[in-house]
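Quantities reported herein were computed from a predicted structural model and do not represent experimental measurements.
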Amino acid sequence: MTTRAGTVTVTWPQANARRLARQSLTEDTGRSPGTASTSPARPSSPAEAVAAMLGAHAQVLSAAELSVCLRTAGSTRADVRTALWTDRTLVKTFGPRGTVHLLPAGDLPLWTGALSAVPTGTSPFPKDARMTPDQVEAVVAAVSDALTGAELTIDELSEEVVARTGPWAGDLVMPGFQDMWPRWRQVLHLAGHRGALCYAPNRGRRATYTNPGHVPLPGPEALAMLVRRYLYAYGPATPAHFARWLAAPRGWAGELFGTLAGDGAIEEVAFEDSGTAWVAAGDTDFPAAPARGVRLLPYFDAFTIASFPRERLFPGAAYERALAGGQAGNFPVLLVDGTVAGVWHQRRSGKRIAVTVEPLSVLGAAHLRALEEQVERVGAVLEGRPELTVGKVTVGPHA
């Protein structure tokens, strides 16, 4: 790391290595003297891992379980489920980008305070399907009231919302999965952002919802905390990076960063390929050595979604093979020395888990050994017996 005219200059390898370390995705994630700020200790619980990730995308819950456990020593998917449904240290709800996430229960006031303060923008729905601001507030209040002390399926919740607001809320104007949904469903994720709703345990195969009972933090306070946490985990970053991660307006994000810079909460650095970028105030230590090691990351892993610029994380052929039109998360990825170097997939049959890895270049012996270790870890997390195939060559069954 060098300095230029008093401004810290950060290279891509430095930024990437620190992000990986803070995600517990490096070979050495333990604390050592003088490196606590760049290499925090490996999380000891699913909630700690999810806090460090800034949420685990959970539209596919099995992928979220794998994301969490690959960062937590010795844990399995059962530990994540216990944290979610028994200990309640995790909450399944609507997080960044309005998508389903696992979030730490202790951080829910922060998340709801911040997400409810993000501008929503123009409604994407046809004019005759939209809701007025008063109708939105009425629905959120109805959802909160109906779910307090209750666990309801979506159909049961719909009946309660319509009963508390009026027939207009039940008008079937929302296209959804070859069906039409009631009008009020367009603000389901907003109710989650407001802290009125989260997931409860399934009733058979049907999802249920409840009121988590957390009071959101004031918006400005929560947003300031969220920006600092994002920059700690994924900085240096620009307001545009933050806006894309959060699905927020870029102009609004720029103003937010300007306010925080004026308050001394964040500071400017020069970041390779991105020009001016930001880190949390005082957080300017970066590792000297680039990232090393092999990792398998599942669908929509937080690291691949939140790390920018994407063309550096997905170099060359990886940008075409592992992204869908520039959208990260649609493919499970192979990381080699900190960058995407292939894709992988799994197929389960009973306890047997067939793991197929498609590297974009030939892996050397050391990387193959590390890959086998990763596959063993995936098998342990998923409580199965993995078998690794690289390309067309079966590397071996693992008992």
Side-chain angles (χ1 to χ4, degrees), residues 16 20 23-27 49 53 56-81 291-305 307 310-311 313-399:
N16 194 43
L20 285 159
Q23 293 287 299
S24 296
L25 294 174
T26 56
E27 293 177 342
M53 297 163 67
H57 191 285
Q59 198 74 40
V60 179
L61 185 57
S62 60
E65 292 167 350
L66 191 52
S67 279
V68 173
C69 292
L70 290 175
R71 292 162 165 84
T72 313
S75 63
T76 70
R77 60 181 183 173
D79 296 312
V80 178
R81 294 171 185 179
R292 291 287 182 262
V294 173
R295 288 291 182 272
L296 295 175
L297 300 182
Y299 289 107
F300 293 101
D301 188 85
F303 176 76
T304 59
I305 290 176
S307 291
R310 287 210 172 125
E311 59 269 19
L313 183 61
F314 294 79
Y319 198 87
E320 298 298 325
R321 180 64 183 89
L323 293 174
Q327 173 64 49
N330 291 287
F331 297 93
V333 300
L334 165 70
L335 287 184
V336 175
D337 296 339
T339 58
V340 175
V343 298
W344 67 285
H345 58 88
Q346 59 168 299
R347 185 175 67 252
R348 187 171 190 131
S349 177
K351 283 289 187 178
R352 178 180 175 272
I353 304 172
V355 177
T356 302
V357 179
E358 301 175 15
L360 293 169
S361 60
V362 176
L363 299 179
H367 284 150
L368 279 174
R369 287 193 297 271
L371 177 58
E372 288 183 294
E373 293 175 0
Q374 271 289 283
V375 170
E376 291 286 356
R377 180 67 185 125
V378 168
V381 169
L382 300 180
E383 301 171 310
R385 296 188 300 272
E387 179 180 286
L388 169 62
T389 299
V390 179
K392 299 296 183 181
V393 180
T394 299
V395 175
H398 302 273

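- Trp344 places no side-chain N or O within 3.5 Å of a backbone atom of Pro298 that could act as its donor or acceptor partner.
- Side chains of Cys69 and Asp79 form no contact here, defined as non-hydrogen atoms less than 4.5 Å apart.
- At least one side-chain heavy atom of Asp337 sits under 4.5 Å from a side-chain heavy atom of His367.
- Distance check: Ser62 OG to Tyr299 OH gives 9.0 Å after rounding to the nearest 0.5 Å.
- Counting all heavy atoms, side chain and backbone alike, Ala49 lies closest to Thr72 at CB-OG1, 3.3 Å.
- In this structure, Val343 and Ala322 approach most closely via the heavy-atom pair CG1-CB, 3.9 Å.
- Side-chain N or O atoms of Arg295 include one that pairs as donor or acceptor with a backbone N or O of Thr26 at under 3.5 Å.
- Residues meeting the side chain to side chain contact (heavy atoms under 4.5 Å, CB included) test with Arg352, sequence neighbours left out: Ala354, Glu387.
- Judged by distance alone, with hydrogens and angles left aside, the side-chain atoms of Asn330 form no donor-acceptor pair with the main-chain N or O of Ala324 at under 3.5 Å.
- Residue Leu313 comes nearest to Asn16 through the heavy atom pair CD1-OD1, 4.1 Å, listed as atom of the first residue, atom of the second, then distance.
- Applying the side chain to side chain contact (heavy atoms under 4.5 Å, CB included) test to Ala58 and every residue at least two apart in sequence or in another chain returns Leu61, Ala64, Val100, Leu102.
- Applying the side chain to side chain donor-acceptor pair (under 3.5 Å) rule to Glu65 yields the partners Arg81; only residues at least two apart in sequence or on another chain are considered.
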Problem - Verdict with reasoning, Arg310 to Ile305, per side-chain contact (heavy atoms from CB on, under 4.5 Å) - result: CA-CA 9 Å; Arg310 287 210 172 125; Ile305 290 176; 4.2 Å; yes
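- Every pair passing salt bridge (charged side-chain N to carboxylate O under 4.0 Å, His left out) that includes a residue from residues 67-76 is listed here, sequence neighbours excluded: Arg71-Asp301.
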Practice task
Starting from the C-alpha separation in whole Å, work towards a yes-or-no answer on side-chain contact (heavy atoms from CB on, under 4.5 Å) for Leu371 and Leu296.
Solution key: CA-CA 8 Å; Leu371 177 58; Leu296 295 175; 3.9 Å; yes
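- Atoms CZ and CZ, on Arg385 and Arg348 in that order, are 9.5 Å from each other to the nearest 0.5 Å.
- Considering every non-hydrogen atom in both Phe303 and Gln23, the closest pair reads CD1-CG, 4.1 Å.
- Side-chain contact between Leu20 and Leu335: present, with at least one pair of heavy atoms (C-beta onward) separated by less than 4.5 Å.
- In this structure, CG on Leu388 lies 11.0 Å from CD on Gln374, to the nearest 0.5 angstrom.
- Gln346 places no side-chain N or O within 3.5 Å of a backbone atom of Ile353 that could act as its donor or acceptor partner.
- Legend: residues meeting ring pair (Phe, Tyr, Trp, His ring centres under 6.0 Å) with Phe300, ordered by chain and number and at least two apart, are His57.
- Summarising the geometry, atom OG belonging to Ser75 is positioned 5.0 Å from atom CZ belonging to Arg377; distances are rounded to the nearest 0.5 Å.
- Take Ala78 and apply the side chain to side chain contact (heavy atoms under 4.5 Å, CB included) test, not counting sequence neighbours, and it matches Thr76, Glu383.
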Practice task
Please step through side-chain contact (heavy atoms from CB on, under 4.5 Å) for the pair Val355 and Thr389, ending with a clear verdict.
Solution key: CA-CA 6 Å; Val355 177; Thr389 299; over 6 Å; no
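- Remark: Ala318 engages Phe314, Pro315, Val340, Leu360 in a side chain to side chain contact (heavy atoms under 4.5 Å, CB included) (not counting sequence neighbours).
- Residues satisfying the side chain to side chain donor-acceptor pair (under 3.5 Å) criterion with Arg321, sequence neighbours excluded, are Glu358.
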